[in-house]
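Indexing begins at 1, ligand by ligand and atom by atom, following the structure's order.
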Amino acid sequence: MLKTFSSVAALFSAFVIAWGQPAATFDPASKVFRLDGGDVSYVFGVNSSGELQQLYWGGRLAKTDQFPRAVPMGEWASFDTPYTNTPQEYVGWGAGLFLEPALKVTYADGNRDLVLHYESHTITADGLNVVLKDIKRPIYVTLHYAIDAESGILARSATIENGLNQPVTVEQAAAAAWALPPAHYTMNYLTGRWAGEWTLTQEAVHPGERVIESRRGSTGHQANPWFALQAGEANEDQGEVWFGALAWSGSWRITVEQDQLDAVRITGGFNPFDFGFVLHAGERLQTPVFYGGYSAHGLGGVSRLLHRFEVEHVLPRRAGANTVPKPRPVIYNSWEATEFNVTEAGQMALAEKAAALGVDRFVMDDGWFGQRKDDHAGLGDWYVNQEKFPHGLKPLIDKVHALGMDFGLWVEPEMVNPDSDLFRKHPDWVLHFVGRPETQQRNQLVLNLARPDVRAYVLGFLDKLLTENDIAFLKWDYNRNWSEPGWEQLPAAEQKRVYVEYTHSLYGILAELRRRHPKVELESCSGGGGRVDLGILKYVDEVWPSDNTDPFDRLTQQDGFSYAYTPQVMMAWVTDSPHWLNKRSTSLSYRMLSSMQGSLGIGANIAKWSEDEAATAKRLIAAYHQVQPTIVQGDLYRLISPRNGSEFSATQTVNREKNQSVVFAFIHSTQEGRKFPLLKLKGLDPAAVYALTPIEGKTRPETPATASGAWWMNHGLEFDESFAGDFQAAAFRLDRK
Ligand code: DGJ
């Protein structure tokens, strides 16, 4: 049943070693391990008790700096043991541990004590593997470490192996635990709900444990597996911040725990709620990867490190390609225009309009298959609806190609409507508990992708669809969370494997589709941003951050999203006004500029657009195409946050060579005549000369046409008096002369 997780091995080999130096070292005298990458050093050692103890994580140290042998913390009176007080790399539950364990097991004889000591290690090309073993029984944990030479971002995970000749139940397994010294920390994390994802939530870390998690079987809209802890006065631009992101698209949990001695530990991995993975004799369980990093440049520094790392090391590359993934094509998507009411003629008409705007990819959304007239029927029946497309998809795809675009299609492979041929034939294929009601959400049930027959069906129909049609892109949707997660084919004690096997099966299907169809690109959508994490981002090229396409709401959502994820993957459609959700009216120019902060798409009913609207969109799509690499792959500076009802907001991106920069500015509502603030730009080369070109809007008439980077950063950019009112937007580009 257990797979070998080659994806994890691939991940580690993706790192680059600078200057041919090993990324990790071990000093046999002090038994200290050290990893160096970018501006970061990470140090831990085998302490005098034999435990693996964390020693340092922060700014890069000199090569000559030495650490003495790790000494365990003392006890705190008779209540807190050294085992509890010592920050361990991966602590087993046993021996009087009162804090969050990394690993908790129950042996077949009812014993539940697990104390992991150092056993051996190997240095790898980009990090190291350290083997721990229980002090009495052959339970092994191999900790994997890799560090990125450029960003200093660490990738950590664990492999748990049962060397007994009896089964062991793993009740809790973290990917990694991180430790920080006592300080005043502010915790940043991302929360939300459907249509309200990506709220940056900030709170002081207090004694006790703060839990962020999903119990839903997938990542979830409500919390995202990312955190950043700011020390002391750290802010957007400066100060020390430690951050992490868990690469897992199933139920997950991250705990941030300030212990009895004020130190802080962050532990994350599989969600222990309802968890129970029976490891048979000789079997292994591989955890997800937990990435962690450090920046001395505030939250802005964190997201710049993460954005670059994601593009260069996480996102899938085209087979054989040596270059980082390209910026996304500008897409058109039919959902908000037609919903389920798709027809060949209607889609062709939209495709003509989209092509005239300069769109690169035409995507037909829900409604094209089975008996899909609304959300009550059809999911599971992946044949083309004959009434809507009498000659199959070919005429539409040919038309889209003739118009100079490629073609994308919506699918929701993991779901089934009870009103479908698939469910009538295989009612047992869904997640369920025998004899219990099956809870429907959006009239649909979840297929148990962990089952080999379901996996084969899903892979089979997708492969057929992609083989028979010239499809460049799939929008892979997932519109509900789990209920009744039973898996009756397995023995009762083993059914909870579903929490691990389902997600691996999903990743396996995505990887296999990419292997068989190397040109196909994928989007992860889950009713908006319900499945965005660094696990799925290894397999998909982009994500749909939210079903909320209101351009004003999107500013805050995009701001929140940007703390953890690169704008390269952040699809942003321009839709109709007034907006369906908030009934807010905004100009097309405002909507376009809001979406141009990410990977631009058009999702409006363009069949109804006036000539003026089409001309505005065409002009701005052309302008976007020219600067898109700088926007989605450049260094992002959040100049003014839109959060907390801010009157104004602004962002700036600078490309890697520092020869282009793009500035976006938005006004919510001008109040008391206040002018848009002077924008002091960031990240430019002070000695270079940059020419300023408006994309939309005007600067003050006195603004020089060209000036040094020093001028734009120190003197700043001033807006024209006319930049005022409600829901206004402006954008400028700067190009090195
Ligand atoms: C939810 C997605 O987020 C929407 O964009 C759209 O694809 C609908 N599903 C279709 O049912």
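- The only option from Lys326, Lys519, Arg514 that meets the salt bridge (Lys or Arg N to Asp or Glu O under 4.0 Å) definition with Asp541 turns out to be Arg514.
- Within 4.0 Å of ligand 1, contacts by protein heavy atoms are made from Trp335, Asp365, Asp366, Trp410, Arg442, Lys475, Asp477, Asn479, Cys525, Gly527, Gly528, Trp544, Asp547, Trp573.
- The pair Glu468-Lys394 fails the salt-bridge criterion, with no side-chain N (NZ, NE, NH1 or NH2) lying under 4.0 Å from an Asp/Glu carboxylate O.
- Judged purely by atom type and a 3.5 angstrom limit, Trp194 uses its side chain to pair as donor or acceptor with the backbone of Gly527.
- The shortest heavy-atom contact between Tyr502 and Val446 is OH-CG1, 3.7 Å.
- Counting heavy atoms from C-beta on, the side chains of Trp410 and Val363 never come closer than 4.5 Å.
- Side-chain atoms of Glu336 and Trp580 form a donor-acceptor pair, as typed in the model, at a separation below 3.5 Å.
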